[in-house]
Amino acid sequence: MSTASAHSKIFILDFGSQYTQVIARRIRECQVYSEIVRFDIPAAEVAAARPNGIVLSGGPSSVYEDDAPQIDPEIFSLGIPVLGICYGMQLIAQHLGGRVEYSARREYGPSMLHIAPGSRLFEGIGEQLDIWNSHGDKVSELPPAFRAAAHTENSPYAAIEEPAKHLYGLQFHPEVAHTPRGKEIIQNFVYGICHCAMDWTMGSFIDDACARVRRQVGEEKVVLGLSGGVDSSVVAALLHKAIGDQLTCIFVNNGLLREREEEMVQRVFGANFHIKLKYVDASERFLSKLRGITDPEQKRKLIGNEFIDVFQHATAELLEEDRAAGVEGHSYRFLAQGTLYPDVIESVAIGGNPAHVIKSHHNVGGLPEKMHFELVEPVRQLFKDEVRDAGLQLGLPKEIVYRQPFPGPGLAVRILGEVTDERLRILREADTIVVSEMKASDWYYRVWQSFAVLLPVRSVGVMGDQRTYENTIAIRVVESQDGMTADWVRLPYELLARISTRVINEVKGVNRVCYDISSKPPSTIEWE
Ligand code: XMP
């Protein structure tokens, strides 16, 4: 397992609930490390990893279906406290001699929980609690030795427990915001029942991560493709702390960056952080390859392939430079990546064989396979907001830590049609106005993304006494949790008006501004 065993930790067995990651987040908010593992993890593996407690997540199946995901029942005999949530509670009931039935009255949404006195899980909570349900099945008969710790109008067994064996079950979801005091239940479980210490702090994570990286790479050298985005920036700062000059960052200017992006990255990482930074200006090369190309997929592919070539060439140059400077020895064996926890959690396909799906990290896709690097992924245990915390602790400026996402292919996917110098100029100037107005009005950090798109459309306008026939800029501002779904932001009209006026007045070649009011799905966030 990936964490130092001295730390407290909770395992979450994932039975496919949409809330599994939320449970993990809630436990980490208690400053206790949590790790999502597959639902069919063998009991022996759990015993060897010695978590302080186990949470069984909810899931979409019914425990009595033939292909329902099952737990290794030996886990209930390890003496490790278990908290089953929804489907997890039904598993406890089913395996330990109770009964689970289809419920005629499906409970979905809010309800009131009535708590029996004396349960450690509900300590300090009182007699009643607002809760959030989302279940069809329910426990109709308790397993022997269990008792009801709480009930609702519809279910006599909304919470069950066998305290002597440290087994607990909740029919509702304590991890969601609609169960307002759910966090206290989770705290009671992790501190009161599992006796976890509050030892998962960003400071301790950074120390552990540095130690792990040093163990992994020894004296060898590491390269990192620095994009200036949050993840690779945090990895750069972390690795610099861990291994200093053994790290070299390569920053590729592909000619598709935002205004003064390359200056900012060089200032923050080179001048302030004193990180070894190789700046490669490959803009000519990218832009000449892009000439005449209008198909979105072709653009993306071309940029991706070109990046790999440039990166490869840059690492070869680094080696040459080292040799010329008389630096002995090692080649660049390791490639660091800003892979995050949601990218590595194996998703569970319920209803058939569980799929070992690992989402690919598209930022530097293809690099490791083509170049035979070994990967260093020091933040692969972290959620995005934890990466931001780490960045702040490592001294990165807020402008980097709270940056909005920016696609790898850069402005090329925001220029519909051909990418030319002139069209890049127009988009860059318009984008700079959007970002500066979003920042000035305090909206920038409240949204997921806010940017300009240059459309392949010209329209008629009038400026002064002149008829114009110029370009159209679309403004895209969305809110989102993870980029998978998104909605357009209802920005104040005054702000939209200011952006529009400034873009039309200040950006030569634009006479019309539109606001994109499509959600994802069915639209995507980027236009290409
Ligand atoms: P879409 O447009 O698919 O975007 O709704 C979802 C999120 O992903 C970002 N995005 C990318 N990020 N390389 C990246 O690193 C890419 O090729 C890429 N394409 C889209 C997009 O900005 C949004 O946040």
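Atoms within each ligand, like the ligands themselves, are counted from 1 in listed order. Computed from heavy atoms alone, side chains included, the values below leave out hydrogens, waters and symmetry copies. Numbers for residues simply follow the sequence, beginning at 1.
If you number the atoms of ligand 1 from 1 as listed, the ones under 4.0 Å from a heavy atom of Gly483 come out as 6 (C). Counting the atoms of ligand 1 from 1 in the order shown, those under 4.0 Å from a heavy atom of Trp448 are 24 (O). Within ligand 1, counting atoms from 1 as listed, the ones closer than 4.0 Å to a heavy atom of Pro409 are 13 (N), 16 (C), 17 (O).
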Report task. Please report the C-alpha distance between Asp516 and Trp527 in whole Å, then the side-chain angles of each, then the deciding distance to 0.1 Å, and finally whether the side chain to side chain donor-acceptor pair (under 3.5 Å) criterion is met. Result -> CA-CA 10 Å; Asp516 181 347; Trp527 279 47; 2.9 Å; yes

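Between Arg425 and Glu429 there is a salt bridge, with a side-chain nitrogen of the basic residue lying less than 4.0 Å from a carboxylate oxygen of the acidic one. Between Arg414 and Glu526 a salt bridge is recorded (basic side-chain N to carboxylate O distance below 4.0 Å).
Between Gly408 and ligand 1, at least one pair of N/O atoms sits closer than 3.5 Å. Close N/O approach between Ile525 and ligand 1 is found [any backbone or side-chain N/O within under 3.5 Å]. In terms of polar-atom proximity, defined here as any N/O pair under 3.5 Å, Gln449 does make such a contact with ligand 1.
Glu35 and Tyr33 form a side-chain donor-acceptor contact under 3.5 Å, judged by distance and modelled atom types alone.
The side-chain contact (heavy atoms from CB on, under 4.5 Å) test applied to Thr472 returns Leu455, Val457, Ser459, Arg512, Cys514, not counting sequence neighbours.
Under the 4.0 angstrom criterion for non-hydrogen atoms, Arg300 is in contact with ligand 1.
Between Tyr341 and Phe383, the ring planes are perpendicular. Angles over 60° get that label, and only those under 30° would be called parallel.
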